[in-house]
Amino acid sequence: MKRVNIKCPYCGSRAYLRPASVVYGQKASASDAPLYVCARFPACDSYVAAHKSSRRPMGTLANAHLRHQRIAAHAAFNRLWQSGLMSKKQAYRWLQLKLGLPEEDAHIANFSTYRCEQVIRLCDGFFAAATTTKPSAGCAQREASP
């Protein structure tokens, strides 16, 4: 397995692959994915999950604020396909087009706070427009007549 060299974007220290228990303590379970954790943790609260099989990072290191933004962006995005408005594949394609990103760059785990806010705004707007029912002309006429 190729060694991954990750530098913390907040303090410049190196990040190391550690068990989830380093961050989550006793709350971590044996099935939790390992994490790349900044060498200065907990002073620098920056980490990212790693894929269990490949040990490659799932995204970029993030502090608490950015992790919360990414969670909110994923929730807004997941609502598009989990609601049945589109398939998961269609939702990713829609997001790529809206953000003007190639497929390889359209991963929320790599997004900045700004990009996460864009995702939330776009997804919430799409969901609201798609789920707002407009009365048909016949219904509006019947309601308006005495």
Side-chain angles (χ1 to χ4, degrees), residues 1-137 139-140 143:
M1 177 172 32
K2 186 178 176 184
R3 186 179 188 120
V4 178
N5 188 9
I6 300 174
K7 195 172 185 180
C8 177
Y10 302 99
C11 72
S13 296
R14 186 166 174 203
Y16 295 95
L17 189 63
R18 300 285 185 241
S21 60
V22 169
V23 172
Y24 300 121
Q26 293 180 346
K27 295 178 188 174
S29 72
S31 65
D32 283 341
L35 306 171
Y36 280 94
V37 182
C38 177
R40 293 191 55 240
F41 183 85
C44 180
D45 182 31
S46 177
Y47 58 89
V48 67
H51 292 277
K52 289 181 186 179
S53 58
S54 70
R55 306 282 192 190
R56 305 278 306 158
M58 290 187 182
T60 60
L61 289 168
N63 63 11
H65 177 73
L66 182 53
R67 286 191 304 273
H68 290 294
Q69 287 295 112
R70 287 177 177 173
I71 290 167
H74 264 114
F77 174 76
N78 289 347
R79 192 168 57 156
L80 296 180
W81 62 271
Q82 289 173 343
S83 67
L85 290 172
M86 58 181 82
S87 71
K88 189 173 184 180
K89 185 176 181 173
Q90 289 169 327
Y92 270 106
R93 184 69 182 134
W94 173 84
L95 185 63
Q96 291 166 24
L97 292 171
K98 286 293 186 181
L99 297 175
L101 296 173
E103 183 177 353
E104 62 271 11
D105 293 338
H107 298 283
I108 294 172
N110 292 323
F111 287 175
S112 65
T113 297
Y114 172 77
R115 186 70 82 188
C116 287
E117 289 169 354
Q118 279 186 302
V119 169
I120 294 165
R121 199 169 38 254
L122 286 167
C123 292
D124 286 351
F126 182 90
F127 190 81
T131 58
T132 301
T133 55
K134 297 177 184 175
S136 66
C139 292
E143 290 172 8

Please report the interatomic distance [atom1]([X]) to [atom2]([Y]), rounded to the nearest 0.5 Å.
X	Y	atom1	atom2	result
Ser46	Lys7	OG	NZ	13.0 Å
Gln82	Lys88	CD	NZ	8.0 Å
Leu61	Leu66	CG	CG	10.0 Å
Ser83	Met86	OG	CE	8.0 Å
Leu122	Leu80	CG	CG	9.5 Å
Arg40	Cys8	CZ	SG	8.0 Å

Can you name the nearest heavy-atom pair linking [X] to [Y], along with the distance?
X	Y	answer
Phe77	Ala91	CE1-O, 3.4 Å
Ala73	Ile120	CA-CG1, 3.6 Å
Pro34	Arg55	CG-NH1, 2.9 Å
Asn110	Gly59	OD1-CA, 3.2 Å
Val22	Phe41	O-CE2, 3.6 Å

Are any side-chain N or O atoms of [X] and backbone N or O atoms of [Y], one a donor and one an acceptor, separated by less than 3.5 Å?
X	Y	result
Asp32	Ser29	yes
Asp105	Leu101	no
Tyr10	Ala62	no

I'd like to know whether Cys123 forms a side chain to side chain contact (heavy atoms under 4.5 Å, CB included) with Trp94, so could you lay out the CA-CA distance, the side-chain angles of the two residues, the decisive distance to 0.1 Å, and finally the verdict. CA-CA 10 Å; Cys123 292; Trp94 173 84; 3.9 Å; yes
For the pair Ser13 and Cys44, evaluate side chain to side chain contact (heavy atoms under 4.5 Å, CB included) and give the outcome as yes or no after the intermediate values. CA-CA 9 Å; Ser13 296; Cys44 180; over 6 Å; no
Begin from the C-alpha positions of Phe126 and Leu85 and carry the test side chain to side chain contact (heavy atoms under 4.5 Å, CB included) through to its verdict. CA-CA 10 Å; Phe126 182 90; Leu85 290 172; 4.3 Å; yes
Within a reach of under 6.0 Å around NE2 of His68, are more than 12 heavy atoms found that belong to other residues, nucleotides or ligands? no
Assess whether atom CD of Glu104 is packed by more than 12 heavy atoms of other residues, nucleotides or ligands within 6.0 Å. yes
side-chain hydrogen bond (donor to acceptor under 3.5 Å, both in side chains) between Gln118 and Arg115, worked out: CA-CA 5 Å; Gln118 279 186 302; Arg115 186 70 82 188; 3.0 Å; yes
Does a donor on one side chain and an acceptor on the other come within less than 3.5 Å for [X] and [Y]?
X	Y	value
Gln90	Arg93	no
Arg70	Thr60	yes
Tyr47	Arg67	yes

Worked verdict on Trp81 versus Tyr92 for ring pair (Phe, Tyr, Trp, His ring centres under 6.0 Å): CA-CA 9 Å; Trp81 62 271; Tyr92 270 106; 8.3 Å; no
Contact check, side chains of Arg18 and Leu35, non-hydrogen atoms, under 4.5 Å: no
Validation row: Thr113, His65 side chains within 4.5 angstrom (heavy atoms): yes
Trace of the salt bridge (charged side-chain N to carboxylate O under 4.0 Å, His left out) decision for Asp124 with Arg79: CA-CA 9 Å; Asp124 286 351; Arg79 192 168 57 156; 2.8 Å; yes
Would you sort out whether Val37 and Val23 count as a side chain to side chain contact (heavy atoms under 4.5 Å, CB included), showing the intermediate values? CA-CA 8 Å; Val37 182; Val23 172; 3.8 Å; yes
